[in-house]
Amino acid sequence: MSTRTAVITGASSGIGAATARRLAAAGYRVVLTARREDRIQALAEELTAAGHDAVRHVLDVTDRAAVDAFAATLDTVDVLVNNAGGAIGAEAVATADPADWRTMYEVNVLGTLNVTQALLPRLVRAEGTIIVLSSTAGLATYEGGGGYVAAKHGAHVLAETLRLELCGKPVRVIEIAPGMVRTDEFALTRFRGDKDKAAAVYAGVPDPLTADDVADTIDWAVSRPPHVNIDLLVVRPRAQASNYKVHRKS
Ligand code: NDP
């Protein structure tokens with residue numbers, strides 16, 4: 001069987017990097033993309049040294065011309081993991097900066113749209129799989145989450161609509177919606193580098209999900225037989241029953 005190729009956006013940290021490691025171990029040639037070249041270069045070297053097939057391509061998913069140029073460098077694409085994204089700010093709707101909302105919409109929704117559109121012909125040709133990393137924030141809201149929740153609802157709608165529109169074509173659309181995942185950068189980015197606020201997100205929570213837990217669900221969903229489409233997979237830590245209800249040890 002010829003080598004299958006997986007493109008991962010936001011592979012420079014957290015869930016994206018963990019997914020790249022999982023899919024490389026599963027035998028995929030992984031194409032690592034993100035804005036920070038040093039990070040994806042180091043990961044490509046790590047995976048290559050471990051005997052895997054990994055290349056990297058610097059890419060800002062919000063730059064459509066760059067996305068199209070990237071797509072033109074690729075031959076076959078079997079799996080696309082739309083992981084690039086994140087939250088900026090936790091202000092109430094009344095005081096949030098519209099620029100933050102715009103940035104979140106651009107990366108979480110338009111970034112996913114850009115890369116999916118650019119790679120779609122290749123994915124259909126390969127009988128491939130499109131993963132959309134949304135969030136439980138894409139399914140229900142919470143105070144202070146407005147801009148991120150709106151953007152992730154957008155990603156959720158993109159996945160649902162795309163699945164309807166592609167019905168009958170040989171391609172799967174899978175949405176993975178994680179709850180609380182402790183990664184190095186997600187909360188730090190949200191709180192603009194404030195380490196105390198970032199740490200407070202996970203304070204007292206016994207075992208939040210890890211990036212590898214989410215990567216494991218992606219690997220599992222992708223490795224189902226081609227006729228099996230996991231439409232939406234919600235995964236949370238046991239200590240989190242909803243966006244609101246989180247068990248914390250005092
Ligand atoms: P990280 O902050 O660790 O990773 C975000 C990744 O997105 C980075 O690799 C970053 O790379 C990349 N990225 C951001 N903006 C762009 C851009 N414009 N173009 C290309 N890449 C970009 O967060 P996580 O690993 O925790 O999150 C990964 C995904 O999972 C996100 O979509 C997030 O919203 C979602 N998620 C996270 C949860 C959590 O609790 N952590 C829960 C549910 C969903 P670079 O800066 O190098 O470009």
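Both ligands and their constituent atoms are indexed starting at 1 by order of listing.
Distances from atom 31 (C) of ligand 1 to the heavy atoms of N83, T62, V214 show the closest one on N83. Compare A18, A137, P178 by their heavy atoms: the one nearest to atom 43 (C) of ligand 1 is in P178. Remark: among candidates R35, E106, K152, R190, the nearest residue to atom 48 (O) of ligand 1 is R35, based on non-hydrogen atoms.
Applying the 6.0 Å contact sphere to CZ of R248 captures more than 12 heavy atoms from other residues, nucleotides or ligands. Around the CG atom of D184, the shell of radius 6.0 Å holds no more than 12 heavy atoms that belong to other residues, nucleotides or ligands. Atom OH of Y202 has more than 12 neighbouring heavy atoms from other residues, nucleotides or ligands inside a 6.0 Å radius. Within a 6.0 Å radius of CG in D207, other residues, nucleotides and ligands contribute 12 heavy atoms or fewer.
In L209, neither the side chain nor the backbone holds a heavy atom less than 4.0 Å from any atom of ligand 1. Heavy atoms from both the backbone and the side chain of D60 come within less than 4.0 Å of ligand 1.
For ligand 1, the atoms closer than 4.0 angstrom to any heavy atom of V107 are 15 (N), 16 (C), 17 (C), 18 (N). Every atom of ligand 1 with a heavy atom of G179 under 4.0 Å away is listed here by number and element: 40 (O), 42 (C), 43 (C). Those atoms of ligand 1 with a heavy atom of L59 less than 4.0 angstrom away are 19 (N), 20 (C). Near G14, meaning under 4.0 Å from one of its heavy atoms, ligand 1 places the atoms 3 (O), 25 (O). Each of the following atoms of ligand 1 lies closer than 4.0 Å to a heavy atom of L133: 30 (O). Atoms of ligand 1 lying under 4.0 Å from at least one heavy atom of E185, given by number and element, are 2 (O), 3 (O). Within ligand 1, counting atoms from 1 as listed, the ones closer than 4.0 Å to a heavy atom of Y148 are 33 (C), 34 (O), 35 (C), 36 (N), 44 (C). Within ligand 1, counting atoms from 1 as listed, the ones closer than 4.0 Å to a heavy atom of R36 are 11 (O), 45 (P), 46 (O), 47 (O).
V181 O, 3.2 Å is the protein heavy atom nearest to atom 41 (N) of ligand 1. Of all protein heavy atoms, the one lying nearest to atom 27 (O) of ligand 1 is I15 CD1, 3.9 Å. Atom 44 (C) of ligand 1 has as its closest protein heavy atom S134 O, 3.2 Å. When hydrogens are left out, the protein atom nearest atom 5 (C) of ligand 1 is G85 O, 3.5 Å; that is the closest non-hydrogen contact. Taking atom 19 (N) of ligand 1 as the reference point, the nearest protein heavy-atom neighbour is V61 N, 3.0 Å. F186 CB, 3.8 Å is the protein heavy atom nearest to atom 23 (O) of ligand 1. The nearest protein atom to atom 22 (C) of ligand 1, hydrogens excluded, is given as A84 CB, 3.6 Å; this is a heavy-atom distance.
Between S13 and ligand 1, an N or O atom pair is found at a separation short of 3.5 Å. At least one N or O atom of G10 sits closer than 3.5 Å to an N or O atom of ligand 1. Between S12 and ligand 1, at least one N/O pair is under 3.5 Å apart. The N/O atoms of T183, backbone and side chain alike, include one that comes under 3.5 Å of an N/O atom in ligand 1.
Screening N229, L162, L166, L80 against V171 for a side-chain contact (heavy atoms from CB on, under 4.5 Å) leaves a single residue, L166.
With rounding to the nearest 0.5 angstrom, the CG atom of D53 is 7.0 Å from the OG1 atom of T48. Here CG of L110 is found 8.5 Å from OG1 of T62. Values are rounded to the nearest 0.5 Å.
For the pair R29 and D75, the salt-bridge criterion is not met [side-chain N within less than 4.0 Å of a carboxylate O]. Using a cut-off of 4.0 Å between Lys/Arg side-chain N and Asp/Glu carboxylate O, E46 and R56 are scored as not salt-bridged.
Taking all atoms of both residues into account, the shortest heavy-atom contact from G179 to T136 is CA-OG1, 3.5 Å. The shortest non-hydrogen separation linking E185 to S13 is OE1-OG, 3.5 Å. When every heavy atom of N83 is checked against every heavy atom of G10, the shortest pair comes out as ND2-O, 3.0 Å. Closest of all the heavy-atom pairs between A84 and V61 is CB-CG2, 4.1 Å.
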Evaluate side chain to side chain donor-acceptor pair (under 3.5 Å) for D100 paired with T103, printing each intermediate quantity in order. CA-CA 5 Å; D100 289 338; T103 301; 5.3 Å; no

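The shortest heavy-atom distance from G111 to ligand 1 is not under 4.0 Å.
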List, one per line, each side-chain donor-acceptor pair under 3.5 Å for residues 218-228, sequence neighbours excluded.
unit_1	atom_1	unit_2	atom_2	d
S223	OG	D219	O	2.8
S223	OG	W220	O	3.0
R224	NE	W220	O	2.9

